[in-house]
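Structure record follows, encoded as structure tokens.
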Amino acid sequence: MDKDWKGKPETLAIHTGHRRTPEGEHSEPLFLTSSYVFQDAEQAADRFAGRVEGNIYSRTGNPTVRIFEERLAALEGGERALGTASGMAAILSVCMGLLKAGDHVVVSQSVFGPSIALFQMLARFGVTTTFVRLDDNAAWEQACTPCTRLFFLETPSNPLGVLGDIAALAAIAHRHEALLVVDNTFCTPFLQQPLRLGADLVVHSATKYIDGQGRALGGAIVGREQLVTGEIFPFLRTAGPVMSPFNAWIFLKGLETLALRIRAHSETALAVANWLAAQPLVERVFYPYRPDHPQYALARAQQSAGGGVLSFALKDGDMACAFAFVNACCLMSRTANLGDTKSTITHPATTTHGRLSPEARRAGGVEDGLIRLSIGLEDRADLLYDLERGFAAVAARGGRS
Ligand SMILES: *Cc1c(COP(=O)(O)O)cnc(C)c1O
């Protein structure tokens, strides 16, 4: 192959990063080893001194993890990626690598619950946070102070599918000499590439779509060499919240089928969203790729499909209605996880968003009658049949109690 040849993302997801060993293995090897042997004392000295690249210890680098990192970097259009022990470890490592006491960050109020809690914990170390509405660009601008170092957001948001305008928010961040970090867990690089829209760093919970089969915990950070290797890697290699080689092997195999999976998740989710919108007991459906979404144009511009997560509000639905619906479903799993081949059903107000005060929850639009679905890879008609069980249970109750 000529050296300038660069494959399409579907090809990169299958081939990038694997340098075959003398054993001639076809599938990527799994290096379950904590340390590495040096040819002689001189080689050990050179590697420890950083004069020569090479393996030392799996906290500082592992060949299987490296395949995953090179593959994900290629897909996100980043220079360098780092695998981490979980999605939260990725976010923590970004903060520890880039922030110091006295710094300020601006964070979307609609990020994953533990991400909010993590930024609140940073106050103990002198890093302050302002939470703003994801879709209110002026609020991001107004929140900036001379100490602002980072913007952090997820788009689309969970559970209501609100979007952040990545290009616009990157421009605002850069005007204030801050960096934009985007959690791309929901879209994956096959639906959205934040770095190409101006973001400085992407983080992932690989636990979700990158694994895609609900098996392993992991995360990743992607971006420019200078940020990732220069500023974040020193924390990661020292503190050690790194990805295990076994999990890296699962995730790099997950990347090989990710394009097919995320498109199938998205197609079924759109069909389910459209079907739900036509149900008499549904008040409203929240899905970025439906024309009734207030940011539909942005969704079409920024994402190549809507993703696998959607929510809907039951008409006049209180908590008892929502519980009746959730409890009547048999095929979809009652679990808060998402991005799995198995569809899942969640009542956000009492689970993922249960720690918020009722006022904060309602202000964020998470009503008691709201139900979230993560659409898996099952047959579409079977999923609709399961949802019909939910509607039958709500109808049998005669509406609001
Ligand atoms: C799950 C999730 C995380 C945290 O990832 P873990 O792997 O569970 O630590 C972060 N962001 C988003 C959007 C998530 O869904």
Side-chain angles (χ1 to χ4, degrees), residues 65 68 72 76 81-96 105 107-121 131 134 150-164 166 180-189 191-192 194 199 201-222 236 239-244 246-248 250-251 254-255 258 262 265 269 286 288 303 306-311 333 335-340 342 344 346 348 351-355 364 366 372-376:
V65 177
F68 167 78
L72 184 63
E76 288 284 5
L82 294 170
T84 58
S86 67
M88 291 315 300
I91 299 169
L92 173 68
S93 301
V94 167
C95 292
M96 296 300 282
V105 293
V107 177
S108 159
Q109 65 189 20
S110 312
V111 292
F112 187 61
S115 302
I116 292 187
L118 177 66
F119 282 104
Q120 288 169 337
M121 280 176 198
F131 293 97
L134 175 60
L150 282 189
F151 280 16
F152 181 84
L153 62 88
E154 268 165 42
T155 178
S157 74
N158 176 20
L160 295 173
V162 178
L163 304 189
I166 296 173
L180 174 63
V181 184
V182 175
D183 182 333
N184 203 27
T185 299
F186 271 51
C187 277
T188 83
L191 301 191
Q192 172 173 282
L201 288 166
V202 160
V203 295
H204 275 282
S205 170
T207 315
K208 314 294 168 46
Y209 289 103
I210 290 179
D211 174 357
Q213 292 160 74
R215 297 165 293 190
L217 238 69
I221 303 159
V222 196
L236 197 70
V242 295
M243 180 175 280
S244 90
F246 182 79
N247 289 3
I250 286 186
F251 296 136
L255 287 176
L258 181 58
I262 195 70
H265 285 293
F286 301 88
Q303 304 174 204
V309 177
L310 64 100
S311 295
S333 315
T335 169
N337 197 30
L338 61 93
D340 198 309
K342 298 181 175 70
T344 69
T346 320
T351 59
T352 52
H353 292 65
R355 276 189 295 182
V366 181
R372 187 197 77 187
L373 307 178
S374 164
I375 298 298

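Note that ligands are numbered from 1 as they come in the structure, with each ligand's atoms numbered from 1 the same way. Bear in mind the structure is a predicted one, so any value in this text is a computation, not a measurement.
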Margin query: Ring-plane angle category for Phe152 and Phe119, please: parallel below 30°, perpendicular beyond 60°, tilted otherwise.
Written below: tilted

Next item on the list: For the residue pair Thr335 and Asn337, confirm or rule out a side-chain donor-acceptor distance under 3.5 Å.
Entry: no

Next item on the list: Check whether any side-chain N or O of Asn247 sits under 3.5 Å from a backbone N or O of Ala216 as a donor-acceptor pair, and report yes or no.
Entry: no

Next item on the list: Please identify each residue that fulfils salt bridge (Lys or Arg N to Asp or Glu O under 4.0 Å) with Arg355, with sequence neighbours left out.
Entry: none

Check: Near ligand 1, which residues have a heavy atom under 4.0 Å away from one of its atoms?
Finding: Ser86, Gly87, Met88, Phe112, Glu154, Asp183, Thr185, Phe186, Ser205, Thr207, Lys208, Gly218

Next item on the list: Might you point out which heavy atoms bring Thr188 and Leu258 nearest each other, and give the distance in Å?
Entry: CB-CD2, 3.8 Å

Check: Any side-chain heavy atom of Tyr209 within less than 4.5 Å of one from Val309?
Finding: yes

